[in-house]
There are 2 protein chains.
Amino acid sequence: MAKRKENSTNSLNNNVLTKCPMSFTIEMIGGRWKTIILYQLRNEPLRFGQLRKILILTTEKMLAQQLKQLELDGLVVRDAKEIIPPHVEYYLSEKGKTLLPVLEAMAEWGKVHNQLSKEC
Amino acid sequence: MAKRKENSTNSLNNNVLTKCPMSFTIEMIGGRWKTIILYQLRNEPLRFGQLRKILILTTEKMLAQQLKQLELDGLVVRDAKEIIPPHVEYYLSEKGKTLLPVLEAMAEWGKVHNQLSKEC
DNA sequence: TTTCACACTTACTTTTTGGTTAGTACTTGT
DNA sequence: ACAAGTACTAACCAAAAAGTAAGTGTGAAA
């Protein structure tokens, strides 16, 4: 773990006490992959390997990392069957489902404003 | 300008041809400040100095940088009166206004799910 | 002559995010 | 004995985003 200045602006900005609603939301779904993952889970649970095939441009590490964070934030549920080979499913929690209007709006906006977009 | 590997995954991911709607939207409004800036402009034009007072946790550099990008992306209009001292107003373009449902949804979600949030 | 308001820039550093490569664990099938 | 399948993890590195501190230009007012 790298040390960091405790009162840098970065730290202040990450301090929950200083967070406005918008920053809070951005923190939960920001970054390159979280919205895509959540959106892919909108209809059905998906296994790790399925997500990996869909998010073809991500690496396994990123996927695992993002899923872990989403689980920590209570947006996604991880359901691991205790079998070999492993079988792990991810699906939206109730809290995660409350994000669907946001995610749909974002996806729709992107579809309308990016002429070159393709599904993902 | 720093050089960069042309076929790194980062470059690929930034290539418009590979972008799905969600990534496109994230690229336009992602990061720590853009949504907040856009949201502050939802009702009225604001001057640089006014934004700076509202986004108290940002620096002038970040503000200028984000506004420039938002203008480049056609989401915000910069209206500079040719007077001294300068008087520059920023407001949402028509395209920028189409983001309002997304922004409202994000702000609302944050308000509901972050007990500690405060206005910003 | 200096100061002030305003809207920025510039050069540099730190922090955060994302990527590469390799490897782990466990059991079944060959 | 070894490969296959699944879901990861670890160590290390690169790139992008954000932050710090200082400075710029203009004209009018003090």
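Lettering of chains follows the sequences in order, A, B, ..., and the numbering in each one begins at 1. Model, not experiment: these values are computed from the prediction.
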Against the side chain of E60(B), the closest entry in dT9(C), dC26(C), dA7(D) is dT9(C)
Check every strand shown and say whether K68(B) touches a base, only sugar-phosphate, or nothing at a heavy-atom separation below 4.0 Å. sugar-phosphate
W33(B) CH2 to dA18(D) P, in whole Å, measures 9 Å
Rounded to whole Å, CG of L70(A) lies from C1' of dC8(D) at a distance of 16 Å
Checking dC6(C), dA7(D), dT20(D) against the side chain of T59(B) (C-beta onward), the nearest is dT20(D)
Rounded to whole Å, CD of Q66(B) lies from P of dA16(D) at a distance of 15 Å
Sorted by position of nearest nucleotide on DNA chain D, 5' first, the leading residue of F48(A) and K61(B) is F48(A)
Comparing nearest nucleotides in DNA chain C, the 5'-proximal residue of the pair G31(A), A64(B) is A64(B)
- Describe the nucleic acid contact of K34(B) in one word from base, sugar-phosphate, nothing, applying a heavy-atom distance below 4.0 Å. nothing
Whole-Å distance, I83(B) CD1 to dG25(D) C1', equals 15 Å
Closest of dA10(D), dA18(D), dC6(C) to the P85(B) side chain is dC6(C)
Atom CD of Q65(A) and atom C1' of dC12(D) are separated, to the nearest Å, by 14 Å
Polar side-chain atom of Q69(A) near backbone of Q66(A) as donor-acceptor pair, under 3.5 Å: no
* State whether the side chain of S93(B) and the backbone N or O of L75(B) hold a donor-acceptor pair below 3.5 Å, judged by distance alone. => yes
| field | Lys/Arg N to Asp/Glu carboxylate O, E94(B) vs K97(B), below 4.0 Å | value | yes
Could you tell me whether R52(B) contacts a base, only the sugar-phosphate backbone, or nothing, with contacts defined as non-hydrogen atoms closer than 4.0 Å? nothing
Quiz prompt | Cluster link Y91(A) to I54(A), ILVMFWY, side chain under 4.5 Å | solution = no
Whole-Å distance, L51(A) CG to dT6(D) P, equals 14 Å
Whole-Å distance, R32(A) CZ to dG19(C) C1', equals 10 Å
Taken to the nearest whole Å, CG/L63(B) to P/dT20(D) is 15 Å
